[in-house]
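Excluded from the calculations below are hydrogen atoms, water molecules and symmetry mates; all remaining heavy atoms, backbone and side chain alike, are included. Small disclaimer: the values here were computed from a predicted structure and weren't measured.
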Amino acid sequence: MSAIPSVPRSARTRSWWGWGYADAHPDDAECAATGALLPGTLARPLPIPRIADLTIARPAVTPPASLAHLVTGDPGVRAAHAMGKAYRDVIRALRARPGRIPDLVAHPTGDREVADLLDWAGGHDVAVIPFGGGSSVVGGVEYRGDAHRAVLSLDLTAMDRVLEIDTAGRSARIQAGALGPVLEEQLRPHGLTLRHFPQSFEFSSLGGWLATRAGGHYATGRTHIDDFVQSLRVVTPAGAGTSWRLPASGAGPSPDRLFLGSEGALGVITEAWMRLQERPRHKASASVAFTDFHRALDAVRAIAQSDLAPANCRLLDAGEALLSGASHDGSSVLVLGFESATGPVGDRLASAVDLARAHSGRAETPPAGRDASAGSAVSAWRSAFLRMPYLRDGLARMGAVVETFETAATWDRIPALIDAVRTEVGAAALKTTGHPATVNCRLTHVYPDGAAPYFTVAVAGRPGDEVEVWDDIKAVAGEVLHRHRATITHHHAVGRDHRAGYDLQRPEPFALALRAAKDALDPHRILNPGVLLD
């Protein structure tokens, strides 16, 4: 085993109010051009918000001298930790209504400092919001209400080292604050990778992935971060603990499962042993077009129930395909990708394409000697996938309401679920705004027994009331999902925005056990109040 040197972080400036890097946001002209696609948007974009325009009160508490070097009350740092990156957060920043800004932000460098900060907070009625990359789109990193004297944002990104690598066991001990690029850069010299690439990869951390049970790169098989966990270390107000590092165990309920998905409400994940893999050397991809979306669903189900295990198997409906540039003729598009570290994958790709063709799919044929990843549909989708969050913020500046939500259900429910969301959420958006809405769908992850549809809703909002419109659309979407027994979230987490749906979904005996765990591990109720339970 070996220790790994740290790597420098990106010198680019993160946007405090919107997605990603500040220099990557659409300019006014691009915002206006994008907004023109939705009837009823503003004539000109809202100005980019300034921290100087916010009302930021002085911190309500002062840390003890022993912790002062870890904590800052800088207004800019505090504002950047006030919210996540959901549409609701972006529009509140644009309207200079960001909600409660944390009193202080702490940057611990190790477990002892995390424990000391929790001890101090518990004794002074200070709520603690664990914070990684801040990319939450469900209200997971903000404080709502006034039940606590003060709020501390606990930023773990100074804890960003790969501490050990076990090359024989292909695993590594990694601090939870490591953002995706920082983590992968430390693994690269060893030819290894975690290969967990959510859309937020650049701006989210290992601890955030674990605390929210994030979905990642793989569309089949190992779809969630859970599948890569070997052991967790967690610091709670009641003490710290580390689960045994094992390939598998049947010894009672898994301690890791208690904290995976706990969203910082039960403890702070500070490090984890993660299963790694060799970096893939063989890749192949293709796209398949369908005129009938329901036939495309059948094709995806056939591929998911085969033993082919594609890394990418994402179905875009006609609207999503048009928006991404993958299709311009009203077709739905299936994007397929295979990869391996050990051998060619062309035969597996060909078999998947054959299954799609058997369901009336039309495969895009790459130029001779070239992989289809260089083809128009696949490359267009990849570019749009990475650019989409920035375009959402551009639409927000034009007064549009843009909501994304995802779910999962069994195959027998998928067609009716998708149809109901399109119809009912579209009708709700029209009713609350007076403007027609665009409701698109794609499948992001697929399983032998079901799939994870991901929906995008875009509509011109009511100027100044965008959050209320968003809330109305969100409520209708949650009701549709519940009625079709589809999960309130497949990989975005519960946070505060999905609490109502989560409360309906979980069995009451489990809720009872979760409350008891909260009481035992967080007796002062300071950890991320309002997430998962009251």
Charged N-O contact under 4.0 Å between [X] and [Y]:
X	Y	answer
Arg95	Glu466	yes
Asp497	Arg144	yes
Asp472	Lys431	no
Asp471	Lys474	no
Arg499	Asp503	yes
Arg275	Asp227	no
Arg195	Glu184	no
Arg233	Glu271	no
Glu263	Arg213	no

Drop me the distance from [X]'s [atom1] to [Y]'s [atom2], to the nearest 0.5 angstrom.
X	Y	atom1	atom2	value
Leu206	Leu183	CG	CG	6.0 Å
Thr236	Leu266	OG1	CG	9.0 Å
Ile488	Tyr502	CD1	OH	12.0 Å
Leu334	Cys313	CG	SG	5.0 Å
Ser136	Lys85	OG	NZ	11.0 Å
Asn312	Ser285	CG	OG	8.0 Å

- Kindly confirm or rule out a cation-pi arrangement of Arg295 over Phe290, judged by NZ or CZ under 6.0 Å from the six-membered ring centre and within 45° of its axis?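 The answer is no, since Arg295 fails at least one limit relative to Phe290.
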- Does NZ or CZ of Arg506 lie under 6.0 Å from the centre of the six-membered ring of Phe510, at an angle within 45° of the ring axis?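 Checked: cation-pi criterion not met.
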Checking [Y] against [X]: is there a side-chain donor and acceptor pair closer than 3.5 Å?
X	Y	result
Glu406	Thr444	no
Ser243	Asp256	yes
Thr432	Arg462	yes
Gln277	Thr193	no
Thr410	Asp412	yes

- Task: Would you indicate whether Arg485, at its atom CZ, is surrounded by more than 12 heavy atoms from other residues, nucleotides or ligands within a distance under 6.0 Å?
- Result: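 Open: at most 12 neighbouring heavy atoms sit under 6.0 Å from CZ of Arg485.
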Return a table of donor-acceptor pairs under 3.5 angstrom between the side chains of residues 511-519 and protein atoms on other chains or two or more places apart.
{"unit_1": "Arg515", "atom_1": "NH1", "unit_2": "Glu508", "atom_2": "OE2", "d": "3.0"}
{"unit_1": "Lys518", "atom_1": "NZ", "unit_2": "Ala265", "atom_2": "O", "d": "2.8"}
{"unit_1": "Lys518", "atom_1": "NZ", "unit_2": "Asp522", "atom_2": "OD2", "d": "2.8"}
{"unit_1": "Lys518", "atom_1": "NZ", "unit_2": "Leu527", "atom_2": "O", "d": "2.8"}
{"unit_1": "Asp519", "atom_1": "OD1", "unit_2": "Arg525", "atom_2": "NE", "d": "3.3"}
{"unit_1": "Asp519", "atom_1": "OD1", "unit_2": "Arg525", "atom_2": "NH2", "d": "2.4"}

Return all side-chain donor-acceptor pairs below 3.5 angstrom for residues 445-452, not counting sequence neighbours, or 'none' if the list is empty.
{"unit_1": "His445", "atom_1": "NE2", "unit_2": "Gly216", "atom_2": "O", "d": "3.3"}
{"unit_1": "Tyr447", "atom_1": "OH", "unit_2": "Thr223", "atom_2": "OG1", "d": "2.8"}
{"unit_1": "Tyr447", "atom_1": "OH", "unit_2": "His490", "atom_2": "NE2", "d": "2.7"}

- Item | Heavy-atom pair of closest approach, residues Val531 and Gly140 |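 Result for this residue pair: CG2-O, 4.3 Å.
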- Task: Could you pull out the closest heavy-atom pair between His25 and Trp19, with the gap in Å?
- Result: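 Closest approach of His25 to Trp19, heavy atoms only: NE2-O, 2.9 Å.
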- Message: Is the distance between the ring centroids of His498 and Phe405 under 6.0 Å?
- Response: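 No - the distance between ring centres of Phe405 and His498 does not fall below the 6.0 Å cut-off.
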- Task: Would you check if the distance from the ring center of Tyr218 to the ring center of Phe197 is below 6.0 Å?
- Result: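 Between Tyr218 and Phe197, the centre distance exceeds or equals 6.0 Å.
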[X] side chain near [Y] side chain, heavy-atom distance below 4.5 Å:
X	Y	result
Leu323	Asn440	yes
Leu154	Ile129	no
Thr456	Met388	no

- Message: Pair Val234, Thr270 - check side chain to side chain contact (heavy atoms under 4.5 Å, CB included), show working.
- Response: CA-CA 6 Å; Val234 183; Thr270 59; over 6 Å; no
- Would you check if the side chain of Arg149 reaches a backbone N or O of Val126 as a donor-acceptor pair within less than 3.5 Å?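 Side chain of Arg149 to backbone of Val126, a donor-acceptor pair under 3.5 Å: no, none is there.
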- Can you say whether the rings of His196 and Trp209 are parallel (under 30°), tilted (30 to 60°) or perpendicular (over 60°)?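 Ring orientation of His196 relative to Trp209: tilted.
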- Task: Check the pair His217 / Phe201 against ring-ring contact (aromatic ring centres under 6.0 Å, His included), numbers first and verdict last.
- Result: CA-CA 10 Å; His217 170 74; Phe201 170 74; over 10 Å; no
- Item | Results of salt bridge (Lys or Arg N to Asp or Glu O under 4.0 Å) for Arg483 - residues two or more places apart only |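 Arg483 satisfies salt bridge (Lys or Arg N to Asp or Glu O under 4.0 Å) with Glu424, Glu479 once adjacent residues are dropped.
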- Message: Could you go through Phe228 and Leu194, starting from their C-alpha distance and side-chain angles, then the distance that decides it, and tell me whether this counts as side chain to side chain contact (heavy atoms under 4.5 Å, CB included)?
- Response: CA-CA 8 Å; Phe228 300 95; Leu194 180 60; 3.9 Å; yes
